[in-house]
Amino acid sequence: MSTVTTANYLNYINGEWVESTSNETIESINPAAPEEIVGHIQLSTKEDLDKAVEAAKNAQKTWRGLSGSERGEILYKVAAIMEERLEEIAECATREMGKTLAETKGETKRGIAILKYYAGEGMRKVGDVIPSTDNEALMFTTRVPLGVVGVITPWNFPVAIPIWKVAPALIYGNTVVIKPASESAVTFAKIAKCFADAGLPKGVLNMVTGSGTIVGGGIAAHPEIKGITFTGSNAVGKSIAHEAMKRGAKYQLEMGGKNPVIVAGDADIELAVDAVIKGAFLSTGQKCTATSRVIVEETIYDRFIKKLIAETKKITIGAGIHADSWMGPCASETQYKSVLQAIQTGINEGAKLILGGKPYEDKVNNGYFIEPTIFEVADQNIAIAREEIFGPVIALMKVSSMERAIDLANDSAYGLSASIFTGNITRMLKFVQEMEAGLIRVNAESAGVELQAPFGGMKESSSHSREQGEAAKEFFTSIKTVFVKG
Ligand SMILES: NC(=O)c1ccc[n+]([C@@H]2O[C@H](COP(=O)([O-])OP(=O)(O)OC[C@H]3O[C@@H](n4cnc5c(N)ncnc54)[C@H](O)[C@@H]3O)[C@@H](O)[C@H]2O)c1
Ligand SMILES: O=CCCC(=O)C(=O)O
């Protein structure tokens, strides 16, 4: 049943909910039932962005003047309000970008935990006392906020990623202008309301929705924005870095991946199959840490592939709002077409399609569903083994040795996440040492970021800073070394 809503979600600027000066909105639709409009968001202008930056700048002095514990108290209140609104936020995220309700509930709980983690950061040390060579002097380090920080986020983790940027930005004394992805902007509007209702002082957090080029590009180029934290595609990330470099702004990029899983000859095959299915197909494969290459030692290849196919066929596909759906739709028509194109390219380039590969014909609504898809790939140089697809597609490869497996896993422009399944300590340690990825997981799926640990990629997956945990402090503050003599 299609439900058309007229719900209009406004920008949040200087503590007020306001329409864009464009007087135009764009629809955010449900990818499981594209007839359903989840909400209308502002198609904002450069003028709207300038107002938001001005508000953030005006709020800076007072906000940074609070103690870390005072700022932390507000983040604890935001977490409490989000807990009360968990169902509302999770359901909105599912309707807006398609992932299952079980996943969005888990992600919303994760966002709440991140808020609490950084609220506590307000009470932790920010520097060190370092002995000076001058015995009469005191030397120490301290940290200061960057000022106004621009946050640009993707649609695939509509709760966790914005919060894992905004929470540390705020606790360390910055003020924020955020542009969420349009495909999940209604979800963030609901989160921004939790900040507003927690009593965050006006101008400390500002949300401006709309075009990536105009609003996102405007953030990257804005002279009053001192730091930009971006998560998204490599193409956009590079354009942001270019703009930031031109004006000497600090920037942080977390981007694409082509994450390998190595299944060694001594692996627990059941465990490996279960983890590969979860890593590759949960969130419809739309995670930067999703499994997209599976490299299997030839001694167990036939048993592994037989089990993988049998278990993959059990996946139930449907609208994420329904409890019996294990895998939802692609997040948008654009993403849907992109994944189908990648599958066709794989076939054209000679990869052997052994399961799926077609749109899943949904009985109720014409949603953007695609079957979980598995290819066997002999040539590691074809697109399906090299390019990020960001959909439910696996490239299976067979190898004769662990040496070859790690070489193949490293043969990628990306280095975000990688897993190995083995019980052999020597193999495990060799993988940990030699695998070029920012997230290394052993006997576990390639996805799975824990909020208290550093997260980020190597090679072209990242600008090589780290997010989350204590690592976030490095980006959202500047260190000062202080020398004091009486
Ligand atoms: N490494 C990570 O932590 C991580 C996490 C999630 C997603 N991703 C990556 O994100 C991509 C999918 O997300 P997406 O489709 O939202 O990415 P995207 O790059 O298309 O968009 C990301 C954000 O950038 C904005 N944007 C678009 N054009 C812009 C421009 N010219 N200037 C400034 N901002 C602009 C978008 O509106 C959105 O808010 C995939 O490549 C995935 O690997 C990486
Ligand atoms: O999409 C990138 C974030 C991945 C993540 O948060 C996870 O794997 O849990």
Side-chain angles (χ1 to χ4, degrees), residues 26 41 43-44 49 97 99 103 106-107 110-111 114 150-165 178-185 188 207-222 225 228-244 251-259 278-280 282-292 330-332 334-335 338-339 387-391 414-417 419 437-439 441 444-451 453-468:
I26 44 181
I41 60 167
L43 185 60
S44 303
L49 176 63
M97 57 74 58
K99 69 170 78 166
E103 289 176 278
E107 185 184 340
R110 181 174 165 189
I114 293 169
V151 177
I152 306 171
T153 53
W155 44 259
N156 68 323
F157 278 87
V159 180
I161 292 180
I163 289 180
W164 89 39
K165 292 174 182 289
I178 180 168
K179 183 234 160 311
S182 299
E183 298 85 342
S184 55
F188 191 77
M207 177 192 75
V208 182
T209 60
S211 150
T213 311
I214 294 169
V215 182
I219 286 173
H222 204 292
I225 289 182
I228 304 138
T229 176
F230 166 81
T231 294
S233 63
N234 285 62
V236 174
K238 286 173 183 169
S239 71
I240 289 169
H242 181 73
E243 279 301 325
Y251 63 91
Q252 171 183 59
L253 314 173
E254 287 306 328
M255 300 174 284
K258 190 68 181 181
N259 309 303
K278 285 173 179 166
L282 276 176
S283 290
T284 320
Q286 297 167 133
K287 297 180 182 177
C288 62
T289 50
T291 300
S292 54
C330 295
S332 65
T334 303
Q335 198 58 28
S338 169
V339 174
E387 294 173 12
E388 180 180 60
I389 296 170
F390 221 53
Y414 298 107
L416 190 51
S417 176
S419 293
L439 184 63
R441 293 169 61 86
E445 65 170 283
S446 63
V449 173
E450 296 202 30
L451 64 95
F455 173 63
M458 295 169 77
K459 302 197 276 188
E460 293 186 26
S461 292
S462 169
S463 58
H464 310 293
S465 63
R466 286 291 179 264
E467 299 194 275
Q468 306 205 61

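The figures here come from the full heavy-atom set of this structure, side chains too, leaving out hydrogens, waters and symmetry mates. One-based numbering, in listed order, for ligands and for the atoms of each. Throughout, residue positions are numbered sequentially from 1 according to the sequence presented. These numbers come from a predicted model, not from an experiment.
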Exercise. Counting both backbone and side chain atoms, is some N or O of E467 under 3.5 Å from an N or O of ligand 1?
Worked result: no
Exercise. Can a protein heavy atom be found under 4.0 Å away from atom 10 (O) of ligand 1?
Worked result: yes
Exercise. For T289 and ligand 2, does the shortest N/O to N/O distance drop below 3.5 Å?
Worked result: yes
Problem set entry | Other residues, nucleotides, ligands: >12 heavy atoms within 6.0 Å of K278 NZ | no
Exercise. Nearest non-hydrogen atom to atom 43 (O) of ligand 1 belongs to which of Q468, Q335, E388?
Worked result: E388
Exercise. Hey, is ligand 2 close enough to C288 that some N/O pair sits below 3.5 Å?
Worked result: yes
Seminar exercise, completed: Any heavy atom of W164 under 4.0 Å from ligand 2? The part involved is side chain
Seminar exercise, completed: Honestly, for R110 the part within reach of ligand 2 (heavy atoms, under 4.0 Å) is side chain
Exercise. Should the proximity of N156 to ligand 2, defined as any heavy atom under 4.0 Å, be assigned to the side chain, the backbone, both, or neither?
Worked result: side chain
Problem set entry | Closest to atom 27 (C) of ligand 1 among S462, G212, A290 (heavy-atom distance) | G212
Exercise. Should you measure from each heavy atom of K287, which atoms of ligand 2 turn up under 4.0 Å away?
Worked result: 1 (O)
For this session: Answer yes or no: does an N/O atom from F390 fall short of 3.5 Å to an N/O atom of ligand 1?
Result: no
For this session: Among all protein heavy atoms, pick the one closest to atom 5 (C) of ligand 2 and tell me residue, atom and distance.
Result: V449 CG2, 3.4 Å
Problem set entry | Enumerated ligand 2 atoms positioned under 4.0 Å from heavy atoms of A447 | 8 (O)
